[in-house]
Amino acid sequence: QGLHDLNEEIKKKPPTGFDKVKAVVVVLSGKGGVGKSTVSANLAAGLAMEGKRTGLLDVDVHGPSIPRLLKLTGNRPGMQENRLLPVEWHWNLGVMSIGFLLPGKDDAVIWRGPAKAGVIQQLSEQVEWGERDVLVVDCPPGTGDEPLSVLQIFGDKTLALIVTSPQDVAVDDVRRSITFCHQLSTPIIGIVENLSGFVCPSCGAVHDIFSAGGGEKLASEAGVPFLGRIPIDPEVARSGDDGDVFLAVAGKSPSAVAFKKVIAKV
Ligand code: ADP
């Protein structure tokens, strides 16, 4: 065996459970609490409703909120030949979350670094997704080791979607997320500005509480597409709490319209 063959052998990666997934959309945010999980869940639900074969993977080890958002708390994934099987949601959306593997919904997740890295790697590689057009990944926030390993694991298939809030834009976190993607040569689908303006429950109009539009400005400065603004809408928070996220994308509220516009661009 020549040296060349040996190198090729080493480079060959073992098969993963996402080999038949066409594209992986990793949802990133500069910090927590900007609605990254809400956007991930609504995006995945919206794509599945359109008939795309979609998966949703929640590797946010600090606060796995996808099971609650989709009313799947308490589900346990099945196993097939040492691989985990996604939990089925409506419209054939397959869902996997670190939350499905914890003993109880209120268990605190205290991981040491290496254990956390191991769990992220296992969840990313060892779930049998089968044929999927798109896998949406709810990534831990920030630009540290955890999102780094997620982007590296999904490699060439990865596209990033960055979620920000009007305040977040002001504190440079988003710039860091953009640089992070550039450094890893991960193409950026675009930036979504969430919590952008408030839908007034009595008049239905959108009021800007914090100065909105920073996401759009930043996107144009960085040469990255701007995917849209999603207002603060009590309906989005309620649908998340009640686990009927699809109402947030299927409804007629300003936030639902905004989500639909974002989904159409992905
Ligand atoms: P992250 O994943 O970035 O930590 P979450 O998606 O968990 O953030 O959202 C944080 C909180 O904000 C949740 O209670 C969620 O329901 C709420 N939220 C997110 N986006 C909106 C929105 N557009 N309108 C109203 N509430 C929202």
Side-chain angles (χ1 to χ4, degrees), residues 25-46 56-73 95-99 105-106 108-109 120 136-144 146-147 150 160-171 173-174 176-177 180 191-202 204-210 212-216 227-263:
V25 177
V26 177
V27 183
L28 298 170
S29 66
K31 60 173 188 204
V34 299
K36 178 177 52 58
S37 300
T38 303
V39 171
S40 304
N42 280 285
L43 173 63
L56 174 59
L57 172 66
D58 173 15
V59 284
D60 190 346
V61 272
H62 302 288
S65 37
I66 294 298
R68 179 179 53 82
L69 287 170
L70 299 181
K71 222 183 227 168
L72 290 173
T73 307
V95 185
M96 181 57 65
S97 167
I98 206 153
K105 75 178 171 59
D106 294 324
V109 194
I120 289 177
V136 177
V137 182
D138 186 6
C139 195
T143 49
E146 297 152 27
V150 174
L161 189 150
I162 299 172
V163 181
T164 179
S165 70
Q167 299 102 297
D168 195 28
V169 168
V171 290
D173 285 323
V174 194
R176 265 197 288 279
S177 299
F180 181 70
I191 295 178
V192 177
E193 189 174 292
N194 186 36
L195 306 173
S196 179
F198 173 66
V199 181
C200 171
S202 42
V206 178
H207 302 287
D208 286 333
I209 306 172
F210 303 100
E216 187 159 15
L227 303 179
R229 296 173 54 186
I230 298 168
I232 301 172
D233 185 347
E235 182 59 17
V236 172
R238 190 210 52 77
S239 65
D241 289 342
D242 294 350
D244 49 15
V245 148
F246 54 95
L247 291 181
V249 246
K252 291 200 171 72
S253 65
S255 62
V257 173
F259 269 124
K260 264 179 260 182
K261 280 193 195 149
V262 168
I263 292 163

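Sequential numbering from 1 along the given sequence is applied to the chain's residues. All values reported here derive from a predicted model rather than from experimental measurement. Both ligands and their constituent atoms are indexed starting at 1 by order of listing.
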message = Any side-chain to backbone donor/acceptor pair from Glu146 onto Pro140? Under 3.5 Å, distance only.
response =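 No.
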query = Lys36 side chain to Cys139 main-chain N or O, any donor-acceptor pair under 3.5 Å?
reply =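 At least one qualifying donor-acceptor pair exists.
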request  = Could you please provide the protein residues found below 4.0 Å of ligand 1 on a heavy-atom basis, arranged by chain and number?
outcome  =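 Close residues (ligand 1, cut-off 4.0 Å): Gly32, Gly33, Val34, Gly35, Lys36, Ser37, Thr38, Asn194, Leu195, Ile230, Pro231, Ile232, Asp233, Val236, Ala237.
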key: Basic-acidic side-chain contact under 4.0 Å: Arg238, Asp241   =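 No, no charged N to carboxylate O under 4.0 Å.
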ask   = With side chains defined as the heavy atoms from C-beta onward, is the minimum distance between Leu43 and Phe259 less than 4.5 Å?
value =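 Not in contact.
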inquiry  = Measuring only between side-chain heavy atoms, which start at C-beta, is Pro67 closer than 4.5 Å to Asp58?
reply    =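 A side-chain contact under 4.5 Å exists here.
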request  = Just jot down the salt bridge (Lys or Arg N to Asp or Glu O under 4.0 Å) partners of Asp233, sequence neighbours excluded, or say none.
outcome  =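 None.
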